Asks: 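Below you will find the structure I want to go over with you.
Everything numeric here is computed off the predicted structure, so don't read it as measured data. Below, chain A is the first sequence line, B the second, and so on; all start at residue 1.
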There are 2 protein chains.
Amino acid sequence: MTRRLTTIKDIAKALGISVATVSRAMRDTYDVSAETRKLVLDTATKMNYRPNFNATGLVKSGTHKIAVIIPAITNYYFSTVITGIQEYALEHNYQVMLYLTNDSAYWETKVVRELSLSSVDGLLACITYETTDFSHFEELVEVDMPLVFFDRVPESIKTSAVVQDDYTGACMATEHLIAQGYSKIAHLAGPRGLNLTQQRLRGYLDTLKKHNLESYGVIHSGFSDENGREDMVTLFDSPLKPDAIFSVNDRKAFGVILWLREHNIRVGEEVGVIGFTNDPTSKIISPSLSTIAEPAYEIGRKSCEVLIRHIQKQTYPRQEISLPTELVVRESTRR
Amino acid sequence: MTRRLTTIKDIAKALGISVATVSRAMRDTYDVSAETRKLVLDTATKMNYRPNFNATGLVKSGTHKIAVIIPAITNYYFSTVITGIQEYALEHNYQVMLYLTNDSAYWETKVVRELSLSSVDGLLACITYETTDFSHFEELVEVDMPLVFFDRVPESIKTSAVVQDDYTGACMATEHLIAQGYSKIAHLAGPRGLNLTQQRLRGYLDTLKKHNLESYGVIHSGFSDENGREDMVTLFDSPLKPDAIFSVNDRKAFGVILWLREHNIRVGEEVGVIGFTNDPTSKIISPSLSTIAEPAYEIGRKSCEVLIRHIQKQTYPRQEISLPTELVVRESTRR
DNA sequence: TCTGGTTTCGATAACGTTCTCGCTACTATT
DNA sequence: AATAGTAGCGAGAACGTTATCGAAACCAGA
């Protein structure tokens, strides 16, 4: 009825030795003879022994678990980041606990607050675009819980962070549009307050200024393709119609392309479109979408690496890592 | 230096009562007066107390954690299933540990074998398409570890399973093609051995037979769009060219559509294409892809529900649940 | 033979909870 | 007034592991 697992005690009893010896034999070989060690290991596998992490965690106050808190995983970027996190974690014998906030600040605070501090060694977080109050995270740093943010990072709270180079990426996108001969460029920005929307907006504006160009509109909204469509309506409702769109991300750019197609406006020739992410769908959509490729997988691995270093050494200094992006030219910016 | 969390003992000392009373006050109100209970709860929040799951897990041999083992999360179906799992789990106070196998049987066995049995209450698994030896899962059922499979289930091992109705879905897809006037239908199947490729293949073949039609080819390969392209090459290399393609999934169908477009074959009019999944990209690709919609989110929720029932009642009978699919007609099957 | 130093092991106390008793004090019943 | 019952609480064991300390056994050197 109740699952009865073999414990270290059972092995000790079976071999007629003490639990202490078994425990020692299990991990490092010091203080235990080679033969008893082998004996213990053999009977352990024979009895199908699995260590009880609750017990080890209790005494060594360190579970080998990290929590990942992320708005969603149903898009290319996030799911790829998680994949990177997961792989690095598993390679280093850490296990990943997944928490989805669904971009709701309520759920985020709830999850973080209820998270049993004793059940994870550290936290990897990407905030929702609603979050403005970060006290739930601040409580964590107060008790010295290792915490690193990725992609979306709150500026007020001083911990390590791993992001892509949003500013330079935005500059590259805008430069590319200008180089292709577009001059009336609008920007579909992300939700206000997010570091990444600010950086990408700044890159866009700075590049325009550098070339003495005026902005043809900046609209803040969400990340979905539906948001892209909606923004196009308001954008093309004005007398000053842009001849190019720089979208804060690919999904929104998909909406832009679909809208343009529906209105028989030739994408590329008449209106150029560039996104940000390099979602696989950008190759599939027609015309294919030019974009700024984000190193999502590497961001996952790197942020996990930084977190584990923080866990293993309290003195590991705070990191602010920015990974390079890359321009990918496709049909949507070809005249 | 070492994170020192407030324990139940600290609260007891602060209030001058015993740990037992604090422990009781923490959970249910029985055997403790309302006022002490309130007192305990207040000082608990005041001292920022968080329960130590290692300790509770140790004594009650039950962590509130479930493990999810899945080939990947970088596609619509899997990421949506995980979302469903995650939401149901969180609603019922269970936490999710994520393990990615990357469709490698080696990693799958490794992960399952190294999984500390004591650190999770149950397992939710979707096998890789490589897995043929299921002994690592059988070892789990031997020690009565609750285990339920979803989507891809091994037939040899008798546990609960939650899937979409692959057979009926394939019938619907084939019926639809026939109703649209296509008669030379080929099937791009999934990897051999997987239950879902068998079911979808069987649905396709049975429906053809029902209408006295011949198969215009069945090719087994992987799930990617690249696989779809490759299969089209071999398919159109033969003298018997099909006029419709039923793909085992959407991603592969995307490859088919791209290939057809590149070869100037009009999708829909000349060659009909239907997929399986209802990936959001199927709306974005042009022409848009007809498909069989899978209830991915519900599969996640349902399989999690079944697992938790198994965890909470050992006598809960084995379930084999099959959720309905739905035909979604778009441009790729319109003549 | 005695001393001192290894090597190998065992007893036992932790870790933070929950659980099983049992004890007190109060209330209700006769 | 005596007894039974109950509400509220505390003492201590248990969960499976690691860490600390010390004991035995052996060996070498004197």
Side-chain angles (χ1 to χ4, degrees), chain A residues 1-41 43-44 47-65 115-121 143, chain B residues 1-41 43-44 47-65 93 116-121 143:
Chain A
M1 138 132 201
T2 59
R3 250 179 311 129
R4 169 86 178 100
L5 271 40
T6 64
T7 75
I8 224 176
K9 222 179 273 181
D10 300 324
I11 301 177
K13 204 177 294 172
L15 290 173
I17 59 179
S18 78
V19 288
T21 310
V22 177
S23 172
R24 273 184 295 239
M26 280 306 187
R27 350 176 222 144
D28 251 321
T29 169
Y30 98 104
D31 247 27
V32 56
S33 72
E35 46 183 344
T36 45
R37 183 174 144 79
K38 184 171 157 31
L39 207 62
V40 167
L41 259 44
T43 50
M47 297 176 75
N48 197 23
Y49 168 79
R50 309 284 175 103
N52 186 321
F53 284 0
N54 284 323
T56 61
L58 187 56
V59 46
K60 317 208 319 184
S61 66
T63 68
H64 258 222
K65 298 184 181 57
L115 189 72
S116 175
L117 295 187
S118 53
S119 66
V120 295
D121 290 351
V143 291
Chain B
M1 137 132 202
T2 58
R3 256 179 304 132
R4 169 86 179 101
L5 273 39
T6 65
T7 75
I8 222 174
K9 221 180 277 181
D10 300 326
I11 301 177
K13 203 178 293 171
L15 289 174
I17 60 180
S18 78
V19 287
T21 309
V22 177
S23 173
R24 272 185 296 241
M26 279 306 184
R27 338 166 238 153
D28 252 321
T29 171
Y30 95 105
D31 247 28
V32 56
S33 74
E35 47 183 344
T36 45
R37 183 173 143 80
K38 183 170 160 31
L39 207 62
V40 167
L41 259 42
T43 51
M47 297 174 76
N48 196 23
Y49 167 79
R50 309 284 175 102
N52 186 322
F53 283 1
N54 284 323
T56 60
L58 188 55
V59 47
K60 317 208 316 183
S61 67
T63 67
H64 258 221
K65 296 183 182 60
N93 256 294
S116 176
L117 295 186
S118 52
S119 66
V120 295
D121 290 351
V143 292

Asks: Could I get a table of every N or O pair under 3.5 Å where one atom is in the protein and the other is in nucleotides 24-26 of chain C?
Replies:
none

Asks: Let me know the distance between NZ of A/Lys60 and C1' of D/dT20, rounded to the nearest Å.
Replies: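 It is 15 Å, rounded to the nearest whole Å.
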
Asks: Which of the following nucleotides, D/dC9, D/dT17, C/dC9, is nearest to the side chain of B/Thr36?
Replies: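 Ranking D/dC9, D/dT17, C/dC9 by closest atom to the B/Thr36 side chain puts D/dC9 first.
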
Asks: Let me know the distance between CD1 of A/Ile8 and P of C/dC15, rounded to the nearest Å.
Replies: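 Taking atom P of C/dC15 as the reference, CD1 of A/Ile8 is at 19 Å.
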
Asks: The side chain of B/Asp31 is closest to which nucleotide in this list: D/dC9, D/dT17, C/dC9?
Replies: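 Within the option list, the nearest is D/dC9.
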
Asks: To the nearest 0.5 Å, tell me how far B/Lys9 NZ sits from B/Ser23 OG.
Replies: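 Here the interatomic distance stands at 12.5 Å.
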
Asks: Using every non-hydrogen atom in the two residues, find where A/Thr36 and A/Val32 come nearest and quote the distance to one decimal.
Replies: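 Result for this residue pair: OG1-CG2, 3.3 Å.
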
Asks: To the nearest 0.5 Å, what is the distance between OG1 on B/Thr43 and OH on B/Tyr49?
Replies: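 Separation between the atoms: 11.0 Å.
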
Asks: Report the distance from atom CE of A/Met26 to atom P of D/dG16, rounded to the nearest whole Å.
Replies: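 Atom-to-atom, A/Met26 to D/dG16, this comes out as 14 Å.
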
Asks: Tell me the interatomic distance from A/Arg50, atom CZ, to D/dC15, atom C1', rounded to whole angstroms.
Replies: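 That distance rounds to 20 Å.
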
Asks: With distance as the sole criterion, do the side chain of A/Asn54 and the base of D/dC15 form a donor-acceptor contact below 3.5 Å?
Replies: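 No, the side chain and the base share no sub-3.5 Å donor-acceptor pair.
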
Asks: Answer yes or no: does a side-chain N or O of B/Ser23 lie under 4.0 Å from OP1 or OP2 of C/dT17?
Replies: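 No.
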
Asks: C/dC19 phosphate, OP1 or OP2: any side-chain N/O from B/Arg27 under 4.0 angstrom?
Replies: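 Indeed, a polar side-chain atom of B/Arg27 lies that close.
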
Asks: Figure out the CG/C1' separation between A/Asn52 and D/dG16, and round it to whole Å.
Replies: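 In whole Å, D/dG16 C1' and A/Asn52 CG are 5 Å from each other.
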
Asks: Would you please confirm or rule out a distance under 4.0 Å between OP1 or OP2 of C/dC9 and any side-chain N or O of A/Ser33?
Replies: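 For C/dC9, OP1/OP2 do have a side-chain N/O of A/Ser33 under 4.0 Å.
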
Asks: Mark yes or no for a side-chain to base donor-acceptor pair under 3.5 Å between B/Arg37 and D/dG8, with no hydrogen or angle criteria applied.
Replies: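 Flag unset: no donor-acceptor pair detected.
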
Asks: Just verifying a value: how many Å separate B/Asp10 CG and B/Met47 CE, rounded to the nearest 0.5 Å?
Replies: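 Interatomic distance, B/Asp10 CG to B/Met47 CE, rounded to 0.5 Å: 5.0 Å.
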
Asks: From C-beta outward on B/Ala20, which listed nucleotide comes closest to its side chain: C/dT17, D/dG16, C/dC19?
Replies: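 From the listed options, C/dC19 comes nearest.
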
Asks: Going through the checks in order, is the side-chain contact (heavy atoms from CB on, under 4.5 Å) test met by A/Leu5 and A/Asn52?
Replies: CA-CA 9 Å; A/Leu5 271 40; A/Asn52 186 321; over 6 Å; no

Asks: Decide yes or no for A/Thr21 and A/Val40: does some side-chain heavy atom of the first lie under 4.5 Å from some side-chain heavy atom of the second?
Replies: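 Sidechains of A/Val40 and A/Thr21: no contact.
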
Asks: Could you go through the side-chain contact (heavy atoms from CB on, under 4.5 Å) check for A/Ile11 and A/Thr6 one step at a time?
Replies: CA-CA 8 Å; A/Ile11 301 177; A/Thr6 64; 5.7 Å; no

Asks: Specify the closest pair of heavy atoms between A/Arg27 and A/Arg37, including all atoms of both residues, with the distance to one decimal.
Replies: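 Answer, listing the atom of A/Arg27 first, then A/Arg37: O-NH1, 3.4 Å.
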
Asks: Take atom CD1 of B/Ile17 and atom P of C/dC23, then tell me their distance rounded to the nearest Å.
Replies: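 It is 22 Å, rounded to the nearest whole Å.
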
Asks: Rounded to whole Å, please give me the gap between CG in A/Leu58 and P in C/dA13.
Replies: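 Spelled out: CG on A/Leu58 to P on C/dA13 is 17 Å.
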
Asks: Check this one for me: any side-chain N or O of A/Ser18 less than 4.0 Å away from OP1 or OP2 of C/dG10?
Replies: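 Looking at the OP1 and OP2 atoms of C/dG10, one of them is under 4.0 Å from a side-chain N or O of A/Ser18.
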
Asks: I need the CZ-C1' distance between A/Arg24 and C/dT7, as an integer number of Å.
Replies: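 To the nearest whole Å, that distance equals 11 Å.
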
Asks: Can you check whether B/Thr56 has a side-chain N or O nearer than 4.0 Å to OP1 or OP2 of C/dG16?
Replies: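 No, B/Thr56 has no side-chain N/O under 4.0 Å of OP1/OP2 on C/dG16.
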
Asks: Between A/Val22 and B/Thr21, which has a closest nucleotide on DNA chain D that is more 5'?
Replies: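 Of the two residues, B/Thr21 wins.
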
